[in-house]
Protein chains: 2
Amino acid sequence: MALTRDTVVDTAVRVLTQYGLADLSMRRLARELDVQVGALYWHVASKQELLVDVAARLLAQIPDTPQHLENDDAASVRAHLLTLCRAIFEALLPIPDSADVVQWAAATRPEALRAVASLQDLLTSFEVEPARIGAATSLLLHLIVGNVAELQNAVIAVGEEQLEIRRVTERIRDNFGWGLERILDSIARTP
Amino acid sequence: MALTRDTVVDTAVRVLTQYGLADLSMRRLARELDVQVGALYWHVASKQELLVDVAARLLAQIPDTPQHLENDDAASVRAHLLTLCRAIFEALLPIPDSADVVQWAAATRPEALRAVASLQDLLTSFEVEPARIGAATSLLLHLIVGNVAELQNAVIAVGEEQLEIRRVTERIRDNFGWGLERILDSIARTP
DNA sequence: ACCTGAACACCGTTCAAGT
DNA sequence: ACCTGAACACCGTTCAAGT
């Protein structure tokens, strides 16, 4: 029955998923948990800290890539990278404002996001020069998060027209795939 | 003396530049302009609409690319693209939270941002397939805005240590340049 | 046409005091 | 240790009423 940090984060994820970031206030959270606002601050230092945990939980559902790949030739590592990036993209897509939340978390506490570590591991197995692993990771992350944000904002702008939403979604999903392939093509074979 | 939409936007840009997005409230703006909050809503429909204008003004300082390039060979178009992207990056860098503001504006009303049109024009002169101009534009925009956001958030996280700030700034600026070249390399020569 | 005054329904964060 | 109650200093938006 007692309030824990875990239940606070859980509830935050639920409110974000159902109502979006604008409705994810500390007071709304308190109401949802049947406590006073002040109670939350015993379990969480600030709203920003809470949002990092929320981002981590959103990405936690994404399956880890195996530590040691059986085939670590360029082609199969590339395939794993594609799968991972698409998985992150698809995981964030249905969660409103998830792009903002993850972008913030990745910038302030990247070590809290396991999916970022997975990305880095795969890029290390790829033919990326060691000095550029960080650059390549953030490049891919910006691509994913940027397209998620673009799609979510576009859907809001379009309104309720279902057909228009599907068109926009398909266009941006396709653009994302194209950009992803371009980037993977270019980061491996640097002089 | 009378309040105009222009002076409202100007003041908003100034407050954003000096104090950041958190301090850019309608009430703060009203105080700064010596009017009541309600007065702002005669000139501006909402805060979000105002922020689109702010983004447009931030990008307006960037020089337009000439409509008709003398040399439209791939190499010189590429050089123009590099220059334009770097110019946008450097223009946004000193303005706190400009990445958020521009990302929002680009997603909701891209036609309001002249720099986006310039980008599109240049990409049309590049060897990008017509169907992918939009994808390439948003790819470059995500790269720019993503790196600006990363840099600005990282600087906040680092705190006041000047030496550390310089190190982080240099690393991300360098990563940005690397990513930019990778993308330009890959978007032109699609099968 | 343009602005004031005042209200409505909210925020994040802190902290003495209770249990 | 964990939570309540209440306060502090704010938000964006609306709108009758004034000039």
Side-chain angles (χ1 to χ4, degrees), chain A residues 1-55 57 96-97 100-101 103-105 107-109 153 156-157 159, chain B residues 1-55 57 96-97 100-101 103-105 107-109 153 156-157 159:
Chain A
M1 215 63 213
L3 199 59
T4 66
R5 190 187 172 107
D6 241 50
T7 58
V8 174
V9 178
D10 270 346
T11 310
V13 170
R14 214 194 60 231
V15 172
L16 179 69
T17 304
Q18 289 180 10
Y19 307 99
L21 196 56
D23 280 359
L24 179 47
S25 67
M26 297 304 271
R27 297 176 118 95
R28 169 66 182 269
L29 232 44
R31 230 180 305 138
E32 210 87 17
L33 288 161
D34 265 309
V35 293
Q36 296 298 110
V37 224
L40 299 176
Y41 286 87
W42 183 262
H43 301 277
V44 141
S46 67
K47 187 181 177 181
Q48 299 202 339
E49 193 198 89
L50 173 61
L51 286 180
V52 173
D53 273 32
V54 168
R57 189 143 317 178
D97 307 305
D100 297 347
V101 177
Q103 181 158 5
W104 160 262
T108 50
R109 291 200 34 236
N153 286 326
I156 292 166
Chain B
M1 214 63 213
L3 198 59
T4 66
R5 189 186 173 105
D6 242 49
T7 58
V8 174
V9 177
D10 270 345
T11 311
V13 169
R14 216 195 59 233
V15 172
L16 179 69
T17 305
Q18 289 180 12
Y19 307 98
L21 195 57
D23 280 0
L24 179 47
S25 68
M26 297 303 272
R27 298 177 117 96
R28 169 66 180 270
L29 232 43
R31 229 180 304 138
E32 209 88 17
L33 288 160
D34 264 311
V35 294
Q36 296 298 110
V37 225
L40 300 177
Y41 285 88
W42 184 261
H43 300 279
V44 141
S46 68
K47 188 181 177 182
Q48 299 202 337
E49 193 198 89
L50 173 61
L51 286 180
V52 173
D53 274 31
V54 168
R57 190 142 315 177
D97 307 305
D100 297 348
V101 178
Q103 182 159 7
W104 161 260
T108 50
R109 288 199 38 234
N153 287 324
I156 291 167

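Labels below follow one simple rule: chain letters A, B, ... track the order of the sequence lines, proteins then strands, and each chain is numbered from 1.
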Atom CG in Leu24(B), atom CG in Leu16(B): separation rounded to 0.5 Å?
6.0 Å

So, is His43(B) close to the dA1(C) phosphate, meaning a side-chain N or O under 4.0 Å from OP1 or OP2?
no

Residue Ser25(A), side-chain heavy atoms: nucleotide from dG12(C), dT14(D), dT4(D) that is nearest
dG12(C)

I want to confirm an ordering. Mapping Val37(A) and Val37(B) to their closest nucleotides on DNA chain C, which one lands closer to the 5' end?
Val37(B)

Take atom CG of Asp23(A) and atom C1' of dC11(C), then tell me their distance rounded to the nearest Å.
12 Å

Expected output check: what is the dot-bracket annotation of DNA chain C, where ( ) and [ ] are pairs inside the strand (brackets for crossing ones), | is paired with another strand, and pairs are Watson-Crick or G-U under 3.5 Å?
||.|||||...|||||.||

Taken to the nearest whole Å, OH/Tyr19(A) to C1'/dC10(C) is 17 Å

Nucleic acid contacts of residues 26-33 of chain A, taken as heavy-atom distances under 4.0 Å to DNA chain C
Met26(A), Arg27(A), Arg31(A)

Applying side chain to side chain contact (heavy atoms under 4.5 Å, CB included), name anything that partners Asp10(B), two or more places apart in sequence or on another chain.
Arg57(B)

It should be established whether Gln36(B) places a side-chain nitrogen or oxygen under 4.0 Å from OP1 or OP2 of nucleotide dG5(C).
yes

Looking at Trp42(A), does any N or O in its side chain come under 4.0 Å of the phosphate oxygens OP1/OP2 on dC2(D)?
yes

Nearest whole angstrom, please: distance from the C1' of dA16(C) to the OH of Tyr41(A).
18 Å

Do the side chain of Asp97(B) and the main chain of Leu21(B) share a donor and acceptor less than 3.5 angstrom apart?
yes

State the CG-CH2 distance between Leu51(A) and Trp104(A), to the nearest 0.5 angstrom.
8.5 Å

Assess Arg14(B) against Tyr19(B): is NZ or CZ under 6.0 Å from the centre of the six-membered ring, and within 45 degrees of the ring's axis?
no

Starting at atom NZ of Lys47(A), determine the distance to atom P of dC10(D), rounded to an integer number of angstrom.
18 Å

Candidate pair Asp53(A) and Arg5(A), rule side chain to side chain contact (heavy atoms under 4.5 Å, CB included), full reasoning
CA-CA 10 Å; Asp53(A) 273 32; Arg5(A) 190 187 172 107; 3.1 Å; yes

Flag the pair Glu32(B) and Arg27(B) as a salt bridge only when some basic side-chain nitrogen lies within less than 4.0 angstrom of an acidic carboxylate oxygen.
no

Is the backbone N or O of Leu3(B) less than 3.5 Å from a side-chain atom of Thr7(B), with the two atoms forming a donor-acceptor pair by type?
no

To the nearest Å, how far apart are Arg5(A) CZ and dC3(D) P?
14 Å

Is there side-chain contact between Lys47(B) and Leu40(B), with heavy atoms separated by less than 4.5 Å?
no

Would you measure the distance from the P atom in dC8(C) across to the matching atom in dA9(D) and give it in whole Å?
22 Å

Could you tell me the separation between the CG atom of Leu51(A) and the C1' atom of dT13(C), rounded to a whole number of Å?
15 Å

